[in-house]
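The structure appears below as C-alpha cells.
Residue numbers start at 1 and run along the sequence shown.
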Amino acid sequence: QVQLVETGGGLVQAGGSLRLSCTASGPILSKYSMAWFRQAPAKEREFVAGIGWSGGSESYVNSVKGRFTISRDNDKNTVALQMNNLKPEDTAVYYCAARPGDSVGINTSQYDMWGQGTQVTVSS
C-alpha cells in the first residue's frame, strides 16, 4: 500500500506562489496515476490536477489552467504542484492521491490512496 505525505502548504498573499510536494513510501509510484485535489470549508473535495504514470498526460481543472503545473519524478517517488498567481479562492486543504494505471481520474471515487492534506491559505 502506497503511503502519501504532502508538504509545502502555507500562507501567501494573492499573486504569490507555492510549491506542494507529495512523497510516496512503500511501492514505487512509477505505475500509478497521481492527482491533486482540494477541499475548501463547507465544499466538496474537487479535482485540481492529475498526471499519468508516464508523465505524458496532464489534466487540470479550468480554474487553475495557466497558473498551476503538475510534475512528477518517478526516481524520487515524488509529485509536485507548482502554484503561481494564487488567488484567495485557491484557499483549501490540498490532498495528494494515487491510483494504479496511467489514466488520470477526476473523481475522488477513482482514488483509494490519499495523503493527509496540507493547508494552503491565500490572503487578499
Open item on the list: For residues 70-81, which residue pairs pass the salt bridge (Lys or Arg N to Asp or Glu O under 4.0 Å) check, not counting sequence neighbours?
Closed with: none
Residues forming a side-chain contact (heavy atoms from CB on, under 4.5 Å) with [X], sequence neighbours excluded:
| X | answer |
| --- | --- |
| Val122 | Val12, Ala14, Leu86, Pro88, Asp90, Thr91, Val120 |
| Arg19 | Ser71, Ala80, Gln82 |
| Ser103 | Arg99 |
| Asp112 | none |

Open item on the list: Tell me if the centroids of the rings in Phe47 and Tyr60 come within less than 6.0 Å of each other.
Closed with: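 Between Phe47 and Tyr60, the centre distance exceeds or equals 6.0 Å.
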TODO: Kindly compute the distance separating CD (Gln39) from OG1 (Thr108), expressed to the nearest 0.5 Å.
DONE: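 Reported value, rounded in 0.5 Å steps: 9.0 Å.
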TODO: Could you grab the distance from atom OG1 of Thr69 to atom CD1 of Ile51, nearest 0.5 Å is fine?
DONE: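 It comes to 10.0 Å.
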TODO: Could I get the full list of ring-ring contact (aromatic ring centres under 6.0 Å, His included) partners for Trp53, not counting sequence neighbours?
DONE: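 Testing Trp53 for ring-ring contact (aromatic ring centres under 6.0 Å, His included), a comparison that skips the adjacent residues, returns none.
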Side chain [X], main chain [Y], donor-acceptor under 3.5 Å:
| X | Y | answer |
| --- | --- | --- |
| Tyr111 | Gly105 | yes |
| Glu6 | Gly117 | yes |
| Arg67 | Asn85 | yes |
| Asn77 | Ala24 | yes |

Task: Test: Arg45 cationic atom under 6.0 Å from Tyr95 six-membered ring centre, within 45° of axis - done: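 That pair qualifies as a cation-pi contact.
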